[in-house]
Chemist: 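If you scroll down you'll find the structure; I have some questions about it.
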2 protein chains.
Amino acid sequence: MREAMQEVAARPAGEARRGGAAGEHRRDAQSTRRLLLDAASELFAERGYERATVRDIAARAGVNQALLFRYFGSKKALFGEVMARGGHEQLRSTPAERLFDVALRGMLAEGRGPGADRSLEVCLRSIGGSDEIAEALRGLGDEYAEVLATLSRAEDGALRGDLALSWLLGIGLMRVVVGKEPLASADPNTVSRLVGEALGSLLEGLPKTE
Amino acid sequence: MREAMQEVAARPAGEARRGGAAGEHRRDAQSTRRLLLDAASELFAERGYERATVRDIAARAGVNQALLFRYFGSKKALFGEVMARGGHEQLRSTPAERLFDVALRGMLAEGRGPGADRSLEVCLRSIGGSDEIAEALRGLGDEYAEVLATLSRAEDGALRGDLALSWLLGIGLMRVVVGKEPLASADPNTVSRLVGEALGSLLEGLPKTE
DNA sequence: TACCGTTGTAAGCAGGTGCTTACACAAGGG
DNA sequence: CCCTTGTGTAAGCACCTGCTTACAACGGTA
């Protein structure tokens with residue numbers, strides 16, 4: 001009763017794995033590793049950690065699921081690599097005072113390219129999972145909050161950073177995961193403006209009018 | 001490898017189900033129903049919908065798990081009854097302009113009695129679950145957001161209400177579920193004050209200094 | 001006492017999960 | 001050629017899940 005169970009099952013030999021354009025290799029560990037990593041990244045973002053099964057990940061990669069365990073050892077380790085891979089570029093390449101708006105708009109945009117950073121989305125959809133997952137997610141949260149904390153000169157800057165991050169994730173939660181209207185269909189510019197104005201009193205380091 | 005698997009298994013006959021003080025009944029459908037409802041309420045709040053198994057719920061109630069299905073039909077129906085039971089009193093008994101602060105403090109308080117309203121916590125921990133669950137949770141969210149929307153006279157009041165609710169849930173997410181520091185240990189009064197000040201520009205109907 | 005509906009129990013079913021194992025190819029070197 | 005090594009595959013294992021079923025024990029009634 002799942003949406004796409006096994007449609008890749010009966011295939012003669014590795015002839016067309018995914019897209020089929022540039023790849024077309026037949027026995028290449030590096031490439032299959034990346035295929036698995038990409039598929040896992042997508043599925044974790046779409047369904048969260050628990051609901052993305054290793055069978056689905058392997059099927060989307062067009063690869064036997066046993067290879068997933070050969071190359072990554074366990075589902076948790078694969079999750080770790082996914083989170084470590086694309087997670088932190090946005091964090092490093094964005095100046096602190098723009099981070100909130102960039103992250104917010106990243107979550108508000110729907111049609112995103114295959115390389116987009118969906119780490120926050122993965123976090124939101126995986127919250128209910130095991131405690132180890134929650135711990136892994138706390139790591140990413142710490143990095144974001146640390147940067148946001150620098151935007152306040154108050155002595156409780158860290159707490160203010162946490163609160164800003166909480167809002168960011170809460171908005172993503174309601175919009176992307178829950179699909180609450182009218183937030184889910186709201187214009188990103190409007191949301192960004194409303195939130196930015198309200199956050200002004202919390203983080204005085206934010207730009208005035210975004 | 002779970003925390004408490006079966007410790008109630010080998011018991012002669014229903015002699016001491018839970019607490020043992022007032023109950024002490026032996027064959028009472030109404031009472032076992034409530035035992036199951038209470039246990040489910042606790043476990044859903046602690047672990048979310050998916051991770052709270054019917055076996056664990058029945059074990060905590062000190063009841064055979066088959067009775068769960070006799071009295072409720074399915075796990076989802078039990079979840080529905082739990083959400084419907086204690087969910088909306090807070091919503092109805094609290095004036096709109098105080099709702100945000102009351103709900104926020106309810107989530108910030110840790111030592112809460114057995115009758116406390118943990119509906120929002122249940123929501124947060126169950127987000128990753130099936131789509132039906134997400135839909136059920138959207139219902140509760142709608143009710144909260146609807147009330148919060150009345151606090152703004154702007155034409156996009158509904159969106160502002162959604163944003164306020166998003167912050168509320170985001171804070172609960174980071175504090176209760178993720179355990180992000182320093183937010184997790186922060187003084188509720190401090191949190192309430194910071195958030196209240198920032199929200200002033202979003203919902204002008206909020207009390208000035210809380 | 002004999003009966004019978006209600007309540008409680010143990011065992012099991014079908015299906016899904018992460019993960020493992022035994023084996024079929026391909027390619028390269030001796 | 002055979003043998004080894006790396007890659008891909010199918011089948012299965014052990015366990016957990018929600019849920020069902022066949023049966024035992026209780027308690028009131030006739």
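Residue numbers begin at 1 in each chain, while the letters A, B, ... track the order of the sequences.
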Chemist: For the pair made of CG in Leu67(B) and P in dA22(D), what is the distance, rounded to whole Å?
Modeler: 17 Å
Chemist: Please give, in whole Å, the distance from dT7(D) P to Arg33(A) CZ?
Modeler: 12 Å
Chemist: Rounded off to whole Å, could you give me the CG-to-P distance for the Leu78(A) and dT17(C) pair?
Modeler: 16 Å
Chemist: How many Å lie between CG on Leu68(A) and C1' on dG18(C), as a whole number?
Modeler: 10 Å
Chemist: Any side-chain N or O of Tyr71(A) under 4.0 Å from OP1/OP2 of dG8(D)?
Modeler: yes
Chemist: Consider side chain to side chain contact (heavy atoms under 4.5 Å, CB included). Of Leu120(B), Val195(B), Leu173(B), Leu163(B), which one does Leu168(B) pass it with?
Modeler: Leu120(B)
Chemist: Do the side chains of Arg60(B) and Asp56(B) get close enough for a salt bridge, i.e. N-O under 4.0 angstrom?
Modeler: no
Chemist: If I take atom CZ in residue Phe79(B) and atom P in nucleotide dG18(D), what distance separates them, rounded to the nearest angstrom?
Modeler: 13 Å
Chemist: Do Lys75(A) and Tyr49(A) form a cation-pi contact, if we require the NZ or CZ to be under 6.0 Å from the six-membered ring centre and within 45 degrees of the ring's axis?
Modeler: yes
Chemist: Of the nucleotides dG18(C), dT17(D), dT9(C), which has the atom closest to the Arg55(B) side chain?
Modeler: dT17(D)
Chemist: So, OP1 or OP2 of dT7(C): does either fall under 4.0 Å of a side-chain N or O from Thr32(B)?
Modeler: no
Chemist: What's Ala66(B) touching, base or sugar-phosphate or nothing? Going by heavy atoms closer than 4.0 Å.
Modeler: base
Chemist: Go through it in stages, so that I can follow the logic: the residues are Val147(A) and Leu99(A), the test is side chain to side chain contact (heavy atoms under 4.5 Å, CB included), and I'd like the CA-CA distance, side-chain angles, deciding distance and then a yes or no.
Modeler: CA-CA 8 Å; Val147(A) 175; Leu99(A) 178 63; 3.6 Å; yes
Chemist: Should the heavy atoms of other residues, nucleotides or ligands under 6.0 Å from CD of Gln65(A) be counted, would the total exceed 12?
Modeler: yes
Chemist: Between Gly73(A) and Arg70(B), who's closer to the 5' end of DNA chain C by nearest nucleotide?
Modeler: Arg70(B)
Chemist: What is the distance, rounded to the nearest whole Å, between atom CD of Gln65(A) and atom C1' of dG12(D)?
Modeler: 11 Å
Chemist: Out of dA25(D), dT17(D), dA26(C), which nucleotide sits closest to the side chain of Arg27(B)?
Modeler: dA25(D)
Chemist: Check the distance between dC16(D)'s P and Glu50(B)'s CD and give it to me in whole angstrom.
Modeler: 17 Å
Chemist: Starting the side chain at C-beta, find the nucleotide from dT7(C), dT17(C), dT9(D) nearest to Ala29(B).
Modeler: dT7(C)
Chemist: Within this structure, what is the CZ-to-C1' distance between Phe69(B) and dT9(C), rounded to whole angstrom?
Modeler: 15 Å
Chemist: Would you indicate which nucleotide in dG8(C), dG18(D), dT20(C) comes nearest to any side-chain atom of Val54(B)?
Modeler: dG18(D)
